[in-house]
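Heads up, the thing below is written out as structure tokens.
This structure is a prediction, so every number in the text was calculated from the model and none was measured. Heavy-atom basis, side chains included; hydrogens, waters and symmetry copies ignored.
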Amino acid sequence: MSPTIITGIKTFITKPDKHNLVVVRVDTDKGVSGLGCATFQFRPTTVQDAVDGYLRPLLLGRDANQIGDLWEVMHTNSYWRNGPVLNNAIAGIDMALWDIKAKLAHMPLYQLLGGATRTAIPSYTHAVADDFDTLCSQIDRYLDEGYRYIRVQLGFYGGTGQDLHMPQHPLPGSYFDPVQYMRTTLDLFERLSRRYGDAFEMLHDVHERLNPAQALQFCKEAERCHLFFVEDVVSEENSAWLRTIKQQTATPLAIGELFNNPKDWEELVSERTIDVLRVHVSQIGGITPAVKLAHMAEAFGVRIAWHTPSDISPIGLAVNTHLNIALHNACIQENIELPENTRLVFPGAPRQQGGFFYPIEADGIGVGFDEEDAKKFPGIFKEHPWTQSRTPDGTLVMP
């Protein structure tokens with residue numbers, strides 16, 4: 001195969017709706033360009049600097065066909081590795097290279113990865129409200145749209161604190177009471193089970209808000225409601241506790257959106273401590289490591305549900321769809337409907353249909369990027385108060 005020379009690499013930061021999104025475009029001498037998602041919304045300009053200042057001069061003039069080697073070059077060139085900034089920068093280029101290769105092959109990405117292993121991937125979405133009746137109204141609408149898997153939350157992560165007993169002059173932050181959150185959420189599961197029966201399967205994201213003993217109690221009491229999975233019941237730093245929790249509860253456990261390093265998941269997978277990996281594809285470096293991770297997990301009976309939040313570009317959403325269609329152990333795809341401006345900037349973004357994502361049949365990843373429209377929505381600094389989460393006495397906890 002003749003070389004496909006990289007002639008240009010450019011990054012873009014755009015904020016068409018709620019989040020800053022980072023896009024990488026790789027150009028080649030064959031007139032074919034590729035797009036990748038490098039979104040790290042908490043540090044977007046740092047990722048842009050990594051691509052523009054370090055990876056671009058490293059890769060210009062190299063053969064875009066050699067994706068595996070180029071990934072290793074990007075990964076090892078800085079010597080210190082496996083961090084979110086560098087991994088997202090690498091991922092943007094890696095996805096763009098796969099986009100180029102699939103376009104040159106005149107096939108959609110999932111076909112390049114081996115073809116479809118299923119007709120469509122089931123999808124779940126988020127029902128979030130401050131009160132039960134409003135939550136049920138959302139659930140009813142999602143059921144009408146065809147969803148049969150719904151993540152349910154009362155209030156924000158950790159719930160909405162009520163009558164918190166706090167000391168004077170509290171530190172700034174987002175406050176919640178873990179015990180109150182456990183009580184109201186377990187009660188929510190019971191009420192929804194009684195109201196809806198088997199109409200849909202519930203999911204829930206604890207988002208690291210419990211200590212290990214509380215997490216075990218929560219999962220044991222949630223057993224009777226048969227959740228599809230509970231996500232991030234402890235923080236990544238406490239993931240060794242998942243072994244103890246797994247031994248004492250049948251509630252399926254999911255974790256992984258903060259993982260950067262293969263050592264983060266290696267033992268959890270090989271010891272079958274978790275049921276579902278929720279890894280964020282750009283956070284681990286893109287498609288190349290994601291395929292390797294999925295095959296490793298399959299060997300141990302661990303399923304995949306790639307992290308697909310609202311702070312991911314439609315390019316990343318489409319990549320997850322291709323992976324989910326191609327990988328045998330993918331089980332479900334998270335979905336938050338894209339707002340109008342985001343769809344304007346990213347033509348061809350996939351949509352769920354009747355609670356499923358179907359194969360994307362366009363060549364490559366299949367999503368465009370309108371650079372002129374993107375300029376109308378420049379990226380801006382954004383503070384995230386919810387990452388300063390505190391218990392009532394003011395102790396900062398993992399968000």
Indicate whether the side chain of Ser389 and that of Arg209 have a donor and an acceptor atom separated by less than 3.5 Å. yes
Ignoring hydrogens and angles, state whether a donor on the side chain of Trp265 or Ser239 is under 3.5 Å from an acceptor on the partner side chain. no
Does the side chain of Gln48 pick up a donor-acceptor pair with the side chain of Thr11 at under 3.5 Å? yes
Flag the pair Arg183 and Asp187 as a salt bridge only when some basic side-chain nitrogen lies within less than 4.0 angstrom of an acidic carboxylate oxygen. no
Consider only side-chain N and O atoms of Asn335 and Thr125, and report whether a donor and an acceptor are under 3.5 Å apart. no
Could you tell me whether the side chains of His307 and Glu334 share a donor-acceptor contact shorter than 3.5 Å? no
So, Thr7 and Asp27: side-chain donor and acceptor under 3.5 Å apart, yes or no? no
Are side-chain N/O atoms of Asp205 and Gln153 paired as donor and acceptor at under 3.5 Å? no
Main-chain N/O of Leu317 paired to Thr321 side chain as donor or acceptor, under 3.5 Å: yes
Under 3.5 Å, is there a donor-acceptor pair between the side chain of Arg278 and the main chain of Ala305? yes
Between Thr39 and Val22 (side chain of the first, backbone of the second, donor and acceptor by atom type, cut-off under 3.5 Å), is there such a pair? yes
In the single-linkage hydrophobic clustering (I, L, V, M, F, W, Y; side-chain heavy atoms under 4.5 Å), do Ile245 and Leu203 co-cluster? no
Basic-acidic side-chain contact under 4.0 Å: Arg303, Glu298: no
Modelled atom types, side-chain donor and acceptor of Gln41 and His19, under 3.5 Å: yes
Can you tell me if Thr4 and Lys30 form a side-chain donor-acceptor pair at under 3.5 Å? yes
Under 30°, 30 to 60°, or over 60°: which ring-plane class applies to His204 and Tyr181, parallel, tilted or perpendicular? parallel
With no hydrogens and no angle check, just 3.5 Å: does a side-chain donor-acceptor pair link Tyr110 and Glu361? yes
With no hydrogens and no angle check, is any side-chain donor or acceptor of Tyr124 less than 3.5 Å from a backbone partner on Glu201? no
Backbone N/O of Phe259 and side chain of Asp264: donor-acceptor pair under 3.5 Å: no
May I have the step-by-step check of salt bridge (Lys or Arg N to Asp or Glu O under 4.0 Å) for Glu145 and Arg141, ending in yes or no? CA-CA 6 Å; Glu145 291 176 9; Arg141 175 164 56 86; 3.6 Å; yes
Work out which heavy atom in Val269 is nearest to a heavy atom in Ala297; give both atom names and the distance. CG1-CA, 3.7 Å
With no hydrogens and no angle check, is any side-chain donor or acceptor of Asn65 less than 3.5 Å from a backbone partner on Ser2? yes
Does a side-chain heavy-atom distance below 4.5 Å link Gln162 with Phe176? no
